[in-house]
Asks: 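The structure's right below; bear with me while I get my questions together.
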Amino acid sequence: MSSRRSSRSRQSGVSSAEITDAQINDLVSKLQQLIPELRARRSDKVSAAKVLQETCNYIKNLHREVDDLSDRLSQLLANTDSDSAQAAIIRSLLM
């Protein structure tokens, strides 16, 4: 990967402001620490592609959970007296 990027940089005359391989490796390592599925395997060598794939899956699951919780809160709000303190709390959570 680095040789391809380096040759492209030389060909296009891109400045030294590009991200380095070390920076990419550091960012991938930080992502790996954030993803529960990969956090347990911190000592194991995991490819950057696997880290990115698991990150995408994790984000999709988080979106799904947020949608499910919003639906549950909306249902709860529909079954609650609209003037109650509980309804005010639910509305604040939905915002």
Side-chain angles (χ1 to χ4, degrees):
M1 178 167 83
S2 61
S3 63
R4 278 186 281 161
R5 190 172 341 111
S6 298
S7 64
R8 266 191 258 135
S9 296
R10 283 192 296 270
Q11 291 171 356
S12 63
V14 176
S15 72
S16 62
E18 274 193 4
I19 192 164
T20 65
D21 285 347
Q23 289 170 317
I24 290 172
N25 290 337
D26 183 51
L27 291 169
V28 168
S29 176
K30 287 177 182 178
L31 265 179
Q32 183 176 354
Q33 294 170 19
L34 292 172
I35 307 303
E37 173 74 21
L38 299 173
R39 195 176 327 165
R41 296 191 256 168
R42 265 179 47 176
S43 61
D44 295 347
K45 189 73 174 163
V46 180
S47 71
K50 177 71 172 172
V51 171
L52 292 173
Q53 172 117 37
E54 290 297 329
T55 301
C56 290
N57 292 339
Y58 184 65
I59 291 170
K60 286 177 192 176
N61 286 335
L62 287 175
H63 279 287
R64 199 172 304 122
E65 284 183 43
V66 167
D67 290 342
D68 290 346
L69 288 171
S70 292
D71 289 345
R72 288 172 58 191
L73 283 171
S74 294
Q75 290 171 359
L76 188 58
L77 183 60
N79 296 326
T80 304
D81 179 23
S82 61
D83 295 328
S84 69
Q86 186 179 17
I89 293 170
I90 294 170
R91 278 194 294 276
S92 71
L93 291 172
L94 287 170
M95 306 246 166

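The basis for the numbers below is simple: all heavy atoms, side chains too, and nothing from hydrogens, waters or symmetry mates.
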Asks: Only counting residues at least two apart or in another chain, list the ones meeting side chain to side chain contact (heavy atoms under 4.5 Å, CB included) with Val51.
Replies: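 For Val51 the side chain to side chain contact (heavy atoms under 4.5 Å, CB included) partners, ignoring immediate neighbours, are Val28, Leu31, Gln32, Leu38, Val46, Thr55.
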
Asks: I'd like a table of donor-acceptor pairs (distance under 3.5 Å, sequence neighbours excluded) in which one partner is a side-chain atom from residues 76-85, with atom names and distances.
Replies:
from	atom 1	to	atom 2	distance (Å)
Asn79	ND2	Gln75	O	3.2
Thr80	OG1	Leu76	O	2.5
Ser84	OG	Asp81	O	2.8
Ser84	OG	Ala87	N	3.1

Asks: Taking only residues two or more places apart in sequence or in another chain, which ones pass salt bridge (charged side-chain N to carboxylate O under 4.0 Å, His left out) with Lys60?
Replies: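 Counting only residues at least two positions away or on another chain, Lys60 forms no salt bridge (charged side-chain N to carboxylate O under 4.0 Å, His left out).
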
Asks: Using the test side chain to side chain donor-acceptor pair (under 3.5 Å), find all partners of Gln23 that sit at least two apart in sequence or belong to another chain.
Replies: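 Checked Gln23 against side chain to side chain donor-acceptor pair (under 3.5 Å); matches are Thr20.
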
Asks: Kindly list each side-chain donor-acceptor pair under 3.5 angstrom involving residues 67-74, sequence neighbours excluded, with atom names and distances?
Replies:
from	atom 1	to	atom 2	distance (Å)
Ser70	OG	Val66	O	3.0
Ser74	OG	Ser70	O	3.0

Asks: Provide the closest heavy-atom pair for Arg39 versus Gln33 in the form atom of the first, atom of the second, distance.
Replies: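 Taking Arg39 first and Gln33 second, the nearest heavy atoms are NE-O, 3.1 Å.
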
Asks: How many angstroms lie between atom CG of Leu34 and atom OG of Ser29, to the nearest 0.5 angstrom?
Replies: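 One gets 9.5 Å once the value is rounded to the nearest 0.5 Å.
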
Asks: Return the set of residues passing side chain to side chain donor-acceptor pair (under 3.5 Å) with Asn57 (not counting sequence neighbours), or none when no residue passes.
Replies: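 With sequence neighbours excluded, Asn57 shows a side chain to side chain donor-acceptor pair (under 3.5 Å) to no residue whatsoever.
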
Asks: How many angstroms lie between CD in Gln53 and CD in Glu37, if you round to the nearest 0.5 Å?
Replies: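 The CD atom of Glu37 is 11.0 Å from CD of Gln53, to the nearest 0.5 Å.
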
